[in-house]
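Step one of this worksheet: look at the structure below.
In this chain, numbering begins with 1 at the start of the sequence shown. Remember, it's a predicted structure, so these values are computed and weren't measured experimentally. These values consider heavy atoms only, across backbone and side chains, with no hydrogens, waters or symmetry-generated copies.
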Amino acid sequence: SPPADIFSFGVMAYELLSGRLPFSTPPISMESDGQPLPFHPLREACPTLPPSLAALVDRMLSRDPQSRPTAAELATAFSAGIGP
């Protein structure tokens, strides 16, 4: 589904920008006993990134598919340039 694709893109973007995965375990096993596994915000891994870029990638990794940006929102953000 499109939200799953956005999530996957977010994982790749996070890894490209920070050099590490956003989760302590692979996303396929993101839950243990119904509790989400720890998520490391991108700004913690790479504090020099523009806050707007880090926030966008973090939204892409949201556990709630409805909270993730749409492809149109991503296109708009990247076309406009992500500011500091």
- Query: Does any N or O in the side chain of Tyr14 come within less than 3.5 Å of the main-chain N or O of Met60, such that one atom is a donor and the other an acceptor?
  - Reply: no

- Message: Is there a side-chain contact between Thr70 and Pro2 in this structure, where contact means two heavy atoms from C-beta onward sitting under 4.5 Å apart?
- Response: no

- Item | From Arg20 atom CZ to Glu44 atom CD, the distance as rounded to the nearest 0.5 Å | 7.5 Å

- Note on the structure: All heavy atoms of Gly10 vs all of Leu61, minimum pair found to be C-CD2, 3.5 Å

- Message: I need the Leu21 CG to Met12 CE distance, nearest 0.5 Å.
- Response: 12.0 Å

- Note on the structure: To the nearest 0.5 Å, atom CG of Leu53 lies from atom CG of Leu17 at 5.5 Å

- Query: If every non-hydrogen atom of Ala13 is compared with every non-hydrogen atom of Val57, which pair is closest and at what distance?
  - Reply: CB-CG2, 4.2 Å

- Query: Hey, does the side chain of Arg68 reach the backbone of Pro3 with a donor-acceptor pair shorter than 3.5 angstrom?
  - Reply: yes

- Give the minimum heavy-atom separation between Ala77 and Leu56, together with the two atoms involved. CB-CD2, 3.9 Å

- Item | Heavy-atom closest pair, residues Ser67 and Arg59 | O-NE, 3.5 Å

